[in-house]
Amino acid sequence: MLLTPAYQIVIADRKVNTVEEPRASTVDLLMVELDMNTPADSVELHLGNVGGLRPERDDDATIELGYVDDESLTLVFTGKVVCAEPNLHSTRVVALSPAQALLESRMEQTFEFKTAGEIVEELAGAAGVTVAQAEAGTLFPAWVVDGRKSLYAHMRDIADTVGYDLFFNPSGELVFRRTIFSTRLHVYDWAKQIIELELRQCRPDAESVEAWGESPGTGRGENAWAWLSKDTSGSKGTAGSGSPTRLIENPVLRTGDAAQFHAGAALSRLQSDAVKGRLLTFGNPQVQLGDSIRIREVPDERANGDFRVRAVRHRIHKKTGFTTEIEFRGIA
């Protein structure tokens, strides 16, 4: 059965909905890019200069995708217009997720005895960003935020330290959570839903991790603030076995618990990143960052299994139709 792609674009108070009004579309290209490795998710539109859409910088923007036959659309993006480039025949429009507010914001503050999640929530609040989920993570005796880096960069440092995912959901709300096998599972079978498939399986860059702090840490309690010590065993964490070993030194790891948490998170990421792939399928707006996918029935058995979604790219073009590209990683 041939399905007809559909979308709803809302910019400021103007709307185009091809389900409610199935007429000739003025949109030549609609591309939504969602990526955990990129600070801000984005939308790019190429609009013909007819109809009611006249995007302006800072206009609110939402995108919903789906099919006319289903008579329902799925929200995939919420953000603001950052660029409108009109010419004589068309207009190119770029919108970014609320991560843009974090990239443009800076502050000076020292957080004491706060969990990773609490720090992320306070930084998001300072930039006016709504938080959908912020899991606690490890407790930091101290975390310094300075104006040399954006609030997003500080959040990314926190996420990397505790091994959490940091991304925005389709409603434009921040998610900070453990890297898990999500119960939102999408199944793709060979010769049915899979158009293209690429997979790379390598040996992890390290088989074990040692994480070190610069303070005696648990040897003297959470209030120990000494930066130099001959014995740093109190703030050491290990994970895995075998060689090579990845050595990590991070001054925020002032307790043994924090160092152990960081070592485990770093090893999990190394194992996960050893398996990377890309899948191209028919347009599926249900796939979100952090979801899980299951690939089945591929003749080469090594390509079958469960994976985590790290990036999603939806594309609607008048010539090629509606496709979804998924980048994924292994599950450690």
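Reckoned from all heavy atoms, side chains included, excluding hydrogens, waters and symmetry mates.
In terms of the side-chain contact (heavy atoms from CB on, under 4.5 Å) criterion, residue partners of L73 (sequence neighbours excluded) are, by chain and number, A6, Q8, N17, V19, E64. Qualifying ring-ring contact (aromatic ring centres under 6.0 Å, His included) partners for F322, counting only residues two or more places apart in sequence or in other chains: Y67. Listed by chain and residue number, F181, L185, V187, R296, D306 satisfy the side-chain contact (heavy atoms from CB on, under 4.5 Å) test with R294 (two or more places apart in sequence, or in another chain). Taking F261 as the reference, T138, V162, Y164 meet the side-chain contact (heavy atoms from CB on, under 4.5 Å) condition, with sequence neighbours excluded. Looking at residues two or more places apart in sequence or on another chain, you find no side-chain hydrogen bond (donor to acceptor under 3.5 Å, both in side chains) involving T238. With sequence neighbours excluded, the residues satisfying side-chain contact (heavy atoms from CB on, under 4.5 Å) with L247 are E210, W212, T245. Residues forming a side-chain hydrogen bond (donor to acceptor under 3.5 Å, both in side chains) with Q288 (at least two apart in sequence, or on another chain): none. Judged as a side-chain hydrogen bond (donor to acceptor under 3.5 Å, both in side chains), and not counting sequence neighbours, R200 has no contacts. The side-chain hydrogen bond (donor to acceptor under 3.5 Å, both in side chains) check on R278 picks up E196, E198, with sequence neighbours excluded.
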Residues 139-147, side-chain donor-acceptor partners within the protein, below 3.5 Å, at least two apart:
residue : atom : partner : partner atom : Å
D146    : OD1  : R148    : N            : 2.9
D146    : OD1  : R148    : NE           : 3.2
D146    : OD2  : R148    : NH2          : 3.2

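Listed by first and then second residue, the ring pair (Phe, Tyr, Trp, His ring centres under 6.0 Å) pairs that reach into residues 274-319 are F307-F328, sequence neighbours excluded.
No donor-acceptor pair closer than 3.5 Å links the side chain of S182 to the backbone N or O of S292. Under the 3.5 Å distance criterion, the side-chain polar atoms of Q260 are left unmatched by any main-chain donor or acceptor of D257. Distance alone, capped at 3.5 Å, places no donor-acceptor pair between the S42 side chain and the A95 backbone. R57 contributes a side-chain N or O that, together with a main-chain N or O of V82, makes up a donor-acceptor pair within less than 3.5 Å. At distances below 3.5 Å, at least one donor-acceptor pair connects side-chain atoms of R14 with backbone N or O atoms of R54.
Residues S272 and G330 share a closest heavy-atom pair of OG-O, 2.7 Å.
When hydrophobic side chains of Ile, Leu, Val, Met, Phe, Trp and Tyr are connected at separations under 4.5 Å, V209 ends up clustered with I248, L267, L270.
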